[in-house]
2 protein chains.
Amino acid sequence: MTTQIRIGIAGYGNLGRGVEAALAQNSDMALVGVFTRRAPEDVATLSPETPVFAYDALSTDAAQIDVLILCGGSKDDLPVQSPELAARFNIVDSFDTHARIPEHFAAVDASARAAGTTALISAGWDPGMLSINRILGEALLPEGDTYTFWGRGLSQGHSDAVRRVPGVAGGVQYTLPSETAIASVRAGERPELATRDKHVRECFVVLEEGADAAAVREAIVTMPNYFADYDTSVTFITAEELARDHGAMPHGGFVLRSGVTGQGNTQGVEYRLTLGSNPEFTASVLVAYSRAVYRLHRGGQVGAVTVFDIAPGLLSPKTPEQLRADDL
Amino acid sequence: MTTQIRIGIAGYGNLGRGVEAALAQNSDMALVGVFTRRAPEDVATLSPETPVFAYDALSTDAAQIDVLILCGGSKDDLPVQSPELAARFNIVDSFDTHARIPEHFAAVDASARAAGTTALISAGWDPGMLSINRILGEALLPEGDTYTFWGRGLSQGHSDAVRRVPGVAGGVQYTLPSETAIASVRAGERPELATRDKHVRECFVVLEEGADAAAVREAIVTMPNYFADYDTSVTFITAEELARDHGAMPHGGFVLRSGVTGQGNTQGVEYRLTLGSNPEFTASVLVAYSRAVYRLHRGGQVGAVTVFDIAPGLLSPKTPEQLRADDL
């Protein structure tokens with residue numbers, strides 16, 4: 001193995017922890033340390049050997065990090081941190097506010113170009129791997145329709161909404177693809193489907209002592225924006241069941257492209273993720289893309305890029321010669 | 001639309017016909033013509049407006065073609081044609097003899113570098129789209145196993161073998177993924193599977209007048225190399241049924257990556273092709289990659305490349321700005 005790629009982690013929640021775990025699976029990479037806005041002594045890393053530094057240390061010592069992986073949130077952290085840190089580091093982020101991606105790209109690009117760094121934004125699985133498969137499906141089958149389904153997955157925002165209902169002591173919400181919608185797409189019927197037609201919602205709820213189950217159910221399934229437009233089920237469980245059965249963070253999703261070639265031959269392309277841990281898979285994607293950013297930077301490419309700009313071979317630890325011989 | 005990309009087709013069998021059909025679905029491309037070793041007047045193209053030229057015309061007039069798509073066979077045609085034509089054109093080929101890819105790459109690369117052209121070899125779906133998903137699965141989930149399954153698809157070589165059995169008047173053979181093997185992989189059991197464990201074979205056979213059905217069946221299912229090691233079914237049909245139900249060229253396949261992250265969370269990635277027409281889908285892939293070759297060449301990149309070297313965005317007719325705004 002040649003010199004390892006030196007990685008820093010900025011921010012240490014579920015995603016940062018996932019990056020720490022993923023780096024341990026990639027022998028061509030080394031973890032320099034975690035940079036946190038909390039008191040470093042309060043941060044318990046997965047490995048006791050992982051160094052933890054104050055976030056401010058990033059402003060004084062950039063020389064030891066080849067790529068910094070940003071693990072903050074898209075709402076408040078990344079819009080500020082990504083442009084700021086791209087002025088000193090090659091970075092990878094997972095910015096996922098779809099509507100603001102062009103604006104975020106422009107800010108990071110300006111910062112990275114001025115500094116001569118390389119910055120990949122919006123990596124992960126959606127945006128990320130599913131995005132790649134949306135554009136590949138369209139490019140390979142120009143006459144067709146693309147469908148993205150999400151789930152079965154834990155939805156943080158909808159779980160919060162359930163927990164705010166009076167009478168609810170605890171609960172989680174899962175989003176599932178609708179079997180009816182999938183069957184229609186698979187059959188090549190090319191239906192027009194809104195997000196609410198494509199998904200159903202499952203709630204698992206712990207009632208407060210003496211709460212009225214029927215009233216809670218009604219309050220959930222009629223909640224505007226969150227549940228009213230969906231086929232929603234509510235299952236009441238005990239606090240013990242909630243703790244035992246609903247602690248994981250599964251998610252997933254798939255992209256289907258259904259198209260036609262020649263004189264009417266149906267062609268189907270499907271890309272499907274079934275994730276036992278959403279943050280750990282997202283982290284694994286960020287780590288693979290940090291390898292690509294390292295290589296782009298060494299090749300002299302600066303500025304902002306997205307997953308659309310990254311050739312598949314750049315993500316693999318193998319050499320181009322190995323890939324051609326072993327994997328084509 | 002800006003200037004169209006001018007495409008030539010070298011060789012006009014099922015694949016060349018598929019390329020002609022695919023180009024009609026891509027408004028940023030124009031077909032210059034078909035180049036054939038047959039007498040041009042004997043070639044009936046899908047569109048009566050498609051110009052047909054003698055193959056030798058390629059040696060005199062290269063200026064009008066931006067990318068030449070080679071539609072010959074991997075056994076005899078491409079090993080000679082690809083290096084030869086890469087000396088005058090940007091090319092895309094579908095060379096699929098896995099074991100000889102490094103040698104083919106070296107020959108085409110030398111020719112293209114000397115001439116300053118850009119040449120993409122081994123495009124299609126396997127090698128091609130499935131190859132990409134093999135290396136992505138490994139890069140994203142380093143601890144795991146990769147499984148490639150083929151089918152349901154018509155196998156030309158095995159169909160020929162069936163037709164050579166005494167007493168057989170006609171027939172076709174389909175390869176199917178084994179449901180047992182798929183279920184084991186999906187369940188995360190990470191089984192070790194040889195190709196024969198992963199697939200079953202279905203034969204549809206028309207008997208000659210007076211032939212012994214039991215003897216024919218026995219001769220097929222015990223045939224060494226072709227069928228003896230497989231779970232093989234033989235169904236006898238009429239000549240009318242063969243013509244009516246078995247004229248298409250369906251195929252497909254999928255790549256499954258089953259991996260583990262963190263403290264044992266199972267992660268699954270699956271890429272699946274269900275193809276109504278094998279040659280038409282392969283042709284659609286070649287056409288999308290010819291767009292990428294055109295762009296690489298304009299960007300100054302010369303020499304041989306494979307699908308591993310092509311960023312997804314290069315395959316799309318959209319601009320990078322459009323892709324970021326619409327598809328991330």
Side-chain angles (χ1 to χ4, degrees), chain A residues 17-18 21-22 25-26 46 98 101-102 105 122 127 129 131-136 138-143 248 252 261-263 265-277 280-281 283-285 288 291 306-313 315-318 320-321 323-325 327-328, chain B residues 17-18 21-22 25-26 46 98 101-102 105 122 127 129 131-136 138-143 248 252 261-263 265-277 280-281 283-285 288 291 306-313 315-318 320-321 323-325 327-328:
Chain A
R17 219 176 341 261
Q25 295 185 331
N26 288 278
L46 292 175
H98 288 264
I101 284 173
F105 183 90
S122 300
M129 304 314 296
S131 319
I132 290 172
N133 281 279
R134 283 191 284 268
I135 75 165
L136 288 182
E138 281 180 30
L140 300 184
L141 297 170
E143 294 188 7
T261 60
Q263 306 307 304
N265 287 305
T266 301
Q267 313 275 18
V269 183
E270 182 173 339
Y271 182 80
R272 174 183 291 267
L273 299 173
T274 310
L275 308 177
S277 164
E280 285 180 5
F281 186 76
S284 297
V285 176
R291 181 182 289 121
T306 73
V307 294
F308 296 151
D309 304 306
I310 305 299
L315 299 171
S316 170
K318 296 185 185 174
E321 292 73 21
L323 290 174
R324 287 194 296 269
D327 299 291
L328 260 180
Chain B
R17 217 176 344 261
Q25 296 185 330
N26 287 279
L46 291 175
H98 288 265
I101 284 175
F105 183 91
S122 301
M129 303 315 295
S131 318
I132 290 173
N133 281 279
R134 283 191 284 267
I135 74 165
L136 287 182
E138 281 180 30
L140 300 184
L141 298 170
E143 294 187 7
T261 60
Q263 306 306 306
N265 286 304
T266 301
Q267 313 275 17
V269 183
E270 181 173 340
Y271 182 80
R272 174 183 292 269
L273 299 173
T274 310
L275 308 176
S277 164
E280 285 179 6
F281 186 76
S284 297
V285 177
R291 181 181 290 121
T306 73
V307 294
F308 296 151
D309 304 306
I310 305 299
L315 299 170
S316 170
K318 295 185 186 175
E321 292 74 20
L323 290 174
R324 286 194 296 269
D327 298 291
L328 260 179

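Worth saying up front: this structure is predicted, and the values here are computed from it rather than measured. Basis for what follows: all heavy atoms, side chains included, without hydrogens, waters or symmetry-related copies. Residue numbers start from 1 in every chain, and the chains themselves are labelled A, B, ... in the order their sequence lines are given, proteins ahead of strands.
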Q: Out of curiosity, B/Leu323 CG to A/Glu138 CD, how far, rounded to the nearest 0.5 Å?
A: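 The CG atom of B/Leu323 sits 8.5 Å away from the CD atom of A/Glu138.
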
Q: Side chain, backbone, both or neither: which part of B/Leu328 has a heavy atom under 4.5 Å from chain A?
A: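 Both the backbone and the side chain of B/Leu328 come within 4.5 Å of chain A.
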
Q: Report the option among A/Ser284, A/Ser316, A/Pro320, A/Ala248 that has the most heavy-atom pairs separated by less than 4.5 Å from atoms of chain B.
A: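 With the most close heavy-atom pairs to chain B, the winner is A/Ser284.
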
Q: For a 4.5 angstrom cut-off between non-hydrogen side-chain atoms, does A/Ile135 reach B/Lys318?
A: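 A/Ile135 does not reach B/Lys318 side chain to side chain.
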
Q: Using non-hydrogen atoms and a 4.5 Å limit, figure out which bit of B/Asp327 sits close to chain A: side chain, backbone, both or neither.
A: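 Both the backbone and the side chain of B/Asp327 come within 4.5 Å of chain A.
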
Q: Highest number of heavy-atom pairs under 4.5 Å with chain B: which of A/Pro142, A/Pro312, A/Gly18, A/Ala288?
A: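 It is A/Pro312.
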
Q: Checking B/Ala311 against chain A: side chain, backbone, both or neither under 4.5 Å from a heavy atom?
A: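 Both the backbone and the side chain of B/Ala311 come within 4.5 Å of chain A.
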
Q: B/Pro127, B/Ser122, B/Pro102, B/Ser131: which one forms the most heavy-atom pairs within less than 4.5 Å of chain A?
A: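 Highest number of pairs under 4.5 Å: B/Ser131.
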
Q: Heavy-atom cut-off 4.5 Å, strictly under: side chain, backbone, both or neither for B/Ser277 against chain A?
A: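 Answer is both: backbone and side chain atoms of B/Ser277 are under 4.5 Å from chain A.
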
Q: Would you check if B/Met129 and A/Val269 make a side-chain contact, meaning some heavy-atom pair closer than 4.5 Å?
A: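 Not in contact.
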
Q: Can you say whether B/Phe281 sits under 4.5 Å from chain A via the side chain, the backbone, both, or neither, judging by heavy atoms?
A: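 Both backbone and side chain of B/Phe281 come within 4.5 Å of chain A.
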
Q: Non-hydrogen atoms of chain A under 4.5 Å away: do they reach the side chain of B/Ile310, the backbone, both or neither?
A: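 B/Ile310 touches chain A through backbone heavy atoms alone.
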
Q: Between CZ of B/Arg17 and CD of A/Gln263, what distance do you get to the nearest 0.5 Å?
A: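 Between B/Arg17 CZ and A/Gln263 CD, I get 11.0 Å after rounding to 0.5 Å.
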
Q: Short question: side chain of B/Gln25, backbone of A/Leu141 - any donor-acceptor pair under 3.5 Å?
A: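 Between the backbone of A/Leu141 and the side chain of B/Gln25 there is no qualifying donor-acceptor contact (under 3.5 Å).
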
Q: Is there side-chain contact between B/Leu136 and A/Leu315, with heavy atoms separated by less than 4.5 Å?
A: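 A side-chain contact exists here, since the closest heavy-atom pair is under 4.5 Å.
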
Q: Of the non-hydrogen atoms in A/Asn133 and B/Tyr271, which two are nearest, and what is the gap between them?
A: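 A/Asn133 and B/Tyr271 have their closest heavy atoms at OD1-CE1, 3.5 Å.
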
Q: Name the region of B/Ala22, side chain, backbone, both or neither, that has any atom closer than 4.5 Å to a heavy atom of chain A.
A: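 B/Ala22 has no heavy atom closer than 4.5 Å to chain A.
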
